[in-house]
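Just below is one structure, and these are the notes that go with it.
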Amino acid sequence: MDIDLLQDIIIPIVKILFIAHLLIIGVMAMIWSERRVSGWMQDRLGPNRVGPQGLLQPIADGIKFLFKEDLIPNHVDKPLYVLAPAMLLVPAMIAIAVVPFGSTITIAGIDIPLQIADINIGILYILAITSLGVYGVVIGAWASNNKYSLLGGLRSSAQMISYELTLGLAIIGVLMLSESLSLRKISEGQGANPWEWNFIIHFPAFLAFTTAMFAETNRLPFDLAEAEQELVAGYHTEYSSMKFAMFFMAEYMNMIVGSAVVVTLFLGGWHFFGLEAIGGPFWSGVISFAIFFVKTGIFLFVFIWVRWTLPRFRYDQLMNFGWKFLLPVALSSIVVTGTLYITTNGNRLWIGIGNVVAAFIIAAIVAGMLAMDNNGKSAVQNTPAAAPLRGLDAVE
């Protein structure tokens with residue numbers, strides 16, 4: 001077989017198919033894990049009927065979606081209504097293309113990088129592609145011609161646009177020290193030991209990026225776009241059958257991609273105490289993939305843990321938190337990292353200390369501002385019952 005044909009066409013196709021199937025299996029695993037772990041956290045069983053320990057429940061759910069009647073309400077804008085789920089699902093799938101999921105594996109003397117495409121602006125590609133997901137939410141909400149859907153879409157668009165700023169700014173400090181926009185080079189630039197990983201040096205930025213990612217994926221405590229208590233289901237209220245399943249799958253795919261990006265940028269990628277270098281050129285690649293897979297899985301568990309631990313924000317709290325706290329923390333990370341990188345000749349210890357101190361100062365300032373806002377206001381004045389009476393209530 002022609003070696004150029006193998007390296008340029010066949011191997012990339014195999015990697016694409018492998019990652020696509022892995023994503024779908026990951027979505028099924030996350031659906032089962034979400035329900036099983038939430039049952040464990042709430043002292044109940046969770047899925048346990050379909051297959052051993054309920055492992056076949058995601059397959060049963062998929063079959064159910066396939067055979068459900070695909071209703072399209074008469075009042076919707078049909079072309080946009082049909083297009084919206086795909087506009088949310090496709091960006092979630094193709095964003096994984098530039099994420100390195102291991103080092104390099106050697107098979108039959110051919111070195112195969114464990115990454116679909118290593119482009120030199122990989123992080124910009126991730127930010128650009130994932131930002132397209134907001135169009136799927138907004139178009140689905142608008143096309144539904146439903147007030148609950150429209151409110152969910154408006155909430156989601158404001159939320160995702162606001163937190164995208166933090167998402168992009170929080171990683172600039174990492175790019176400064178890595179001197180590259182390639183995700184593979186960023187991952188390779190982190191050492192084998194955890195104290196050499198970027199989350200140590202850029203800890204406030206790591207927290208800001210992770211929080212913004214929760215908001216971008218519309219997960220609790222940032223699920224104002226769906227908010228069952230007041231919006232029924234938000235932007236996908238009018239969807240059923242496989243169209244609803246596509247929205248459902250896109251959320252979990254975004255979680256998987258986001259977790260993989262966090263592992264790459266901040267948690268050392270496939271590095272872990274030098275285990276990724278054990279064995280020959282084949283087994284070292286397999287071990288590096290296993291390390292990356294486990295790290296991503298642990299971070300996905302954090303998604304579930306947070307969902308069943310924290311209550312939902314009010315909308316004003318969500319926006320204030322993004323604009324008044326997370327955004328200043330991300331901006332301070334840029335200023336502090338750039339300043340200390342020049343003045344201390346890139347001393348990572350001083351950069352890490354400076355970032356933490358700056359985050360504490362910002363937290364203190366924000367806390368002081370909140371205290372000043374509430375100064376002199378009684379608890380009764382802040383409740384809806386103390387609002388001035390109008391209309392018939394005022395007459396009575």
Side-chain angles (χ1 to χ4, degrees), residues 17-73 81-96 133 136-137 140-141 144 146 148-149 152 156 214 217-220 222-223 225-229 231-260 293 296-297 299-308 312:
L17 292 175
F18 174 74
I19 292 300
H21 283 81
L22 195 64
L23 270 178
I24 295 171
I25 294 171
V27 169
M28 296 170 63
M30 278 300 298
I31 293 171
W32 178 85
S33 300
E34 179 103 61
R35 299 170 69 178
R36 195 73 184 177
V37 172
S38 64
W40 168 66
M41 294 180 72
Q42 298 170 355
D43 197 21
R44 56 185 176 81
L45 292 177
N48 64 345
R49 300 281 179 163
V50 186
Q53 301 297 316
L55 284 170
L56 299 181
Q57 187 64 52
I59 297 176
D61 291 340
I63 294 173
K64 177 185 70 175
F65 279 124
L66 279 171
F67 286 95
K68 272 198 168 194
E69 184 178 3
D70 188 10
L71 296 174
I72 300 180
Y81 177 88
V82 173
L83 180 64
M87 291 192 68
L88 193 60
L89 182 63
V90 172
M93 292 190 69
I94 64 177
I96 197 71
V137 173
S144 294
N146 178 296
Y148 299 112
S149 299
S156 182
F214 272 80
T217 52
N218 288 324
R219 292 283 296 185
L220 266 165
F222 300 99
D223 67 333
E226 301 168 26
E228 294 90 349
Q229 287 86 342
L231 296 185
V232 185
Y235 61 92
H236 52 63
T237 298
E238 297 288 353
Y239 284 88
S240 62
S241 187
M242 283 306 296
K243 293 184 182 66
F244 172 78
M246 290 173 71
F247 279 120
F248 199 59
M249 291 172 62
E251 178 178 319
Y252 283 104
M253 282 190 183
N254 278 318
M255 289 165 54
I256 294 171
V257 174
S259 299
F293 182 83
T296 305
F299 204 86
L300 285 169
F301 171 78
V302 174
F303 270 99
I304 302 173
W305 184 12
V306 169
R307 174 177 181 177
W308 299 102
R312 180 185 297 128

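Val302 places a side-chain heavy atom less than 4.5 Å from the side chain of Phe214. In this structure, the side chains of Thr237 and Ser144 stay at 4.5 Å or more apart for every pair of heavy atoms. Side chains of Ser33 and Ile304 form a contact here, defined as non-hydrogen atoms less than 4.5 Å apart.
Among residues two or more places apart in sequence or in another chain, the side chain to side chain contact (heavy atoms under 4.5 Å, CB included) test is passed with Leu83 by Met87. Considering only residues two or more places apart in sequence or on other chains, Val50 meets the side chain to side chain contact (heavy atoms under 4.5 Å, CB included) condition with Leu56, Gln57, Ala60.
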Distance-only criterion, 3.5 Å: show the donor-acceptor pairs between side-chain atoms of residues 244-258 and protein atoms not counting sequence neighbours.
unit_1: Glu251; atom_1: OE2; unit_2: Arg219; atom_2: NH1; d: 3.3
unit_1: Tyr252; atom_1: OH; unit_2: Glu34; atom_2: OE1; d: 2.9
unit_1: Asn254; atom_1: ND2; unit_2: Ala250; atom_2: O; d: 3.1

Contacts table for residues 20-32: side-chain donor-acceptor under 3.5 angstrom, sequence neighbours left out:
unit_1: His21; atom_1: ND1; unit_2: Leu17; atom_2: O; d: 2.7
unit_1: Trp32; atom_1: NE1; unit_2: Gln53; atom_2: O; d: 3.0
unit_1: Trp32; atom_1: NE1; unit_2: Gly54; atom_2: O; d: 3.2

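Residue pairs meeting the salt bridge (Lys or Arg N to Asp or Glu O under 4.0 Å) criterion with at least one member in residues 232-249, sequence neighbours excluded: Asp70-Lys243. The list of salt bridge (Lys or Arg N to Asp or Glu O under 4.0 Å) pairs with a residue in residues 38-61, not counting sequence neighbours, reads Arg35-Asp61.
Note that the CD1 atom of Ile94 and the CD1 atom of Ile19 stand 14.5 Å from one another [nearest 0.5 Å].
A donor-acceptor contact shorter than 3.5 Å is absent between the side chain of Thr296 and the backbone of Ser259.
When all heavy atoms of Ser149 and Ala141 are compared, the pair lying nearest together is O-CB, 3.0 Å. Residues Tyr81 and Pro73 come closest through the heavy atom pair OH-CD, 3.8 Å.
Counting heavy-atom neighbours within 6.0 Å of Phe293 CZ, excluding the residue itself, gives a total of 12 or less.
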